[in-house]
Amino acid sequence: MVVAPLITDTVTEPMMLRPFEVTAVTQETHDTWTLDLKVADGGDDLRFRPGQFTMMYVFGVGEVPISIAGNPSHPETLVHTVRAVGAVTNAICALRPGTVIGIRGPYGSSWPVVAATGRDIIIVAGGIGLAPVRPAIYHVLEHRESYGSVSIVYGSRTPSDLLYIDEIHDWKSRFDLNVQITVDRGDGTWMGDVGVVTPLLNRLSFDANHAAAILCGPEIMMRVIAKELARRGMPTADVSVSLERNVKCGVGFCGHCQIGASFICKDGPVVAYDDVADRLGMEEL
Amino acid sequence: MVVAPLITDTVTEPMMLRPFEVTAVTQETHDTWTLDLKVADGGDDLRFRPGQFTMMYVFGVGEVPISIAGNPSHPETLVHTVRAVGAVTNAICALRPGTVIGIRGPYGSSWPVVAATGRDIIIVAGGIGLAPVRPAIYHVLEHRESYGSVSIVYGSRTPSDLLYIDEIHDWKSRFDLNVQITVDRGDGTWMGDVGVVTPLLNRLSFDANHAAAILCGPEIMMRVIAKELARRGMPTADVSVSLERNVKCGVGFCGHCQIGASFICKDGPVVAYDDVADRLGMEEL
Amino acid sequence: MNLDAWRERSPMFEEMSDEHFAFLASLAEEREVPGGATLFRVNTPADRFYLVLEGTVALKIAGPSKPPMTIQTVGEGALLGLSWHLPPYRWQWTAETREPCRFAEFDANEVLAACETDSDFDNAMLRIIAREAGRRLHNVRIQLLDLYGRE
Amino acid sequence: MNLDAWRERSPMFEEMSDEHFAFLASLAEEREVPGGATLFRVNTPADRFYLVLEGTVALKIAGPSKPPMTIQTVGEGALLGLSWHLPPYRWQWTAETREPCRFAEFDANEVLAACETDSDFDNAMLRIIAREAGRRLHNVRIQLLDLYGRE
């Protein structure tokens, strides 16, 4: 299976900023919000492939790259989940319905959900990393019959840091999904698992030679999971990871996100673990 | 060595509230402040023994028991270090010089620093637990020649959570003190130890049969340290711990801090580890 | 008990010889425990250990004035209990079943007696315990990194 | 090397027989390392281990886009390096001296070869490693409790 960078087919004017209106804001956790947006220039909806990102521009404050967290088959609503960690993301999280911001994109490579048709799917997310994989989950669930076993493993800091909690309950309730959730620190009421995500992989059934893994989260987590999947016989070429980097222009002009000969904004964020281990020296982690 | 509860000899009218004026406020960490206070009714300074506490009353807000953190030989300044964790402690930490609050006390038993004359001294504090032992440290340092080896072990969450950082540097610089500091989580600039306090005990030299240990911090920490000291041959009767409990009246009237047949506010906060292991079921920790 | 199917699904005993594993399995007692039960209590003598066949167990610690905190959960395929082989031979945590569980239970004294008489078996058991402790140490250290927090 | 004085100050080897400890000590090479030096790097083959005679060593981990974090420091009296005896036989962390250090250094292959030929010695080494890993596991779990944080 090849997870080669794909040319983005949806951006004709890569630097064009389009106005989007915030239509809904949901607080996910103490520092993370989900925004629904709709296009405000009367033009086409923003179509995207799972794993792609946009550049979100708050007028007068600044611009940040944020992965799209919504459903690719419902492009009429652009969904972004944002953690307030800096000036721009704080401004985004403080937006209220009716405000208009600028959006460029979508940019970047995508999760190989189409190429993985017919395979077992293993999705492992950590923390805010659930947001970039949620479009892939939507895709797989809408085409559930096209895949073998589907497993979702999600690790979080505490129970109150879990994103999309209602959806997680829906996913857990299904018989055709194996959903495993763990937190680093429980609390008095948490009855789920506590500990790192690695041991949860023992609870998954998949055919290591006919599976695709989608990993998104802290780099150390992705490395440990990739190693464990390799130990269970999975070729590392079938493991995709998403990298977050210091993306500024989104189109490979500015060089801010350059690593080796590549640009995250053009060749990433989704890459095969193979490439990452090599190019980013993740084996040195 | 006996660490029996001592009758407080300094409070003649146990419920009497005396006005104290805040003379200085120092921020220690992101959530902890140290207040200097002086008596505002023209009466005597508040004399105390190391380990004792007062009831601090913010008019109109409420009252909390707080250990005295100052120097027992300088009672002209009453020093309290307070962590802002509730309504009253938040109000205390927001006080500014010139404000007057009410003080009752001092109450409770004290560290056996006098009884320990001639012995090696081991002081182990965790987190905010350095505040209640600081008067004992002052006493020991002012009578340094009356003791054998003196060791201070202090564990903290992060480097920026260390209390009294200037004083810690002074203590570390002395040749007649063995000061060991560790944090649970380092940061990029921290060049000290990282990890739990227990292994640091290996770096202390003391005569297990002629020593006194003073422990103040989370109960789990005190228990682990007490066990390690026992493993090194120290009688548990020579180990004193300070308990924080839900003290309301300070004089054994109200029953809020009652555990078994005793009241923390009268029989504590300083008790022999022997008694605690038995009475509080700390062996069940 | 026949634990061969369990063994195939857990990588833990892959280095132990079939003979040693069969011998160990012959010492197991099957045990079913309802959810919410206390399997063992912190600081009491660690005289047993378990292989988890079904269900999840929470390792907890509590202080007299604090609510219990769950340190870690262990599920199917896990070895539960290392303290029977490590000083001071007392449980470091309290173990509570999260749901109905099925275990292979071992009497530590029986296993230790077998270790005394057969140093090869002793060696094989020690190797399992060293590796399991090492693996958990690595996991807990990663937990400690607080990976999902803000940078 | 003569490590008897060191042994007396560290409880780690108290269960090992004098003969086995003397044999182990005969395999040691004394090594002095300046402060700020990298002793070993994460994910490289773990072919050595150390007893810390003097100084402090930081165990660190880093990602390509993150500054290195110190997981733990180990000082005089510690055994540094368990990975040489635990799969996948690669260092789990990077070790960096915090100050000038003195070590007893062991060639893991030499020690493992001795273990192969003498199962009693193998057993004694395994016991040390299991206990050290168990002890550290307990310590790291306590670290994870975040005892000094707010309730």
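Below, read A as the first sequence line, B as the second, and so on, with proteins coming before strands; counting in each chain starts at 1.
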Report the C-alpha distance between D/T70 and B/W190 in whole Å, list the side-chain angles of each, state the deciding distance to 0.1 Å, and finish with yes or no for side-chain contact (heavy atoms from CB on, under 4.5 Å).
CA-CA 9 Å; D/T70 298; B/W190 174 247; over 6 Å; no

*Can you say whether D/T56 sits under 4.5 Å from chain B via the side chain, the backbone, both, or neither, judging by heavy atoms?*
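Answer is side chain: those atoms of D/T56 sit under 4.5 Å from chain B.
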
**Message:** What part of D/L145 gets within 4.5 angstrom of chain B, counting heavy atoms only: side chain, backbone, both, or neither?
**Reply:**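 Contact with chain B: side chain only.
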
Hey, is [atom1] on [X] packed in by over 12 heavy atoms from elsewhere, all under 6.0 Å?
| X | atom1 | answer |
| --- | --- | --- |
| D/E29 | CD | no |
| B/Q27 | CD | yes |
| D/R9 | CZ | no |

Problem set entry | Closest heavy-atom pair and its distance - D/N139, B/P199 |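 The pair with the smallest heavy-atom distance is ND2-CG, 3.9 Å.
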
Checklist entry - Among B/V183, B/D193, B/L200, which one satisfies side chain to side chain contact (heavy atoms under 4.5 Å, CB included) with D/T73? => result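 So, applying the side chain to side chain contact (heavy atoms under 4.5 Å, CB included) to D/T73 and each of B/V183, B/D193, B/L200, only B/D193 qualifies.
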
Does the side-chain contact (heavy atoms from CB on, under 4.5 Å) test come out yes or no for D/Q143 and B/V194, once each step is laid out?
CA-CA 10 Å; D/Q143 232 175 309; B/V194 178; 4.1 Å; yes

Trace of the side-chain contact (heavy atoms from CB on, under 4.5 Å) decision for D/E76 with B/R203: CA-CA 8 Å; D/E76 191 182 325; B/R203 304 188 191 161; 5.9 Å; no

| Quick one: does D/Y148's side chain get under 4.5 Å of B/D184's, heavy atoms only? |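 Yes; the side chains approach each other to less than 4.5 Å.
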
What part of B/R231 gets closer than 4.5 Å to chain D, counting heavy atoms only: side chain, backbone, both or neither?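 The side chain, not the backbone.
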
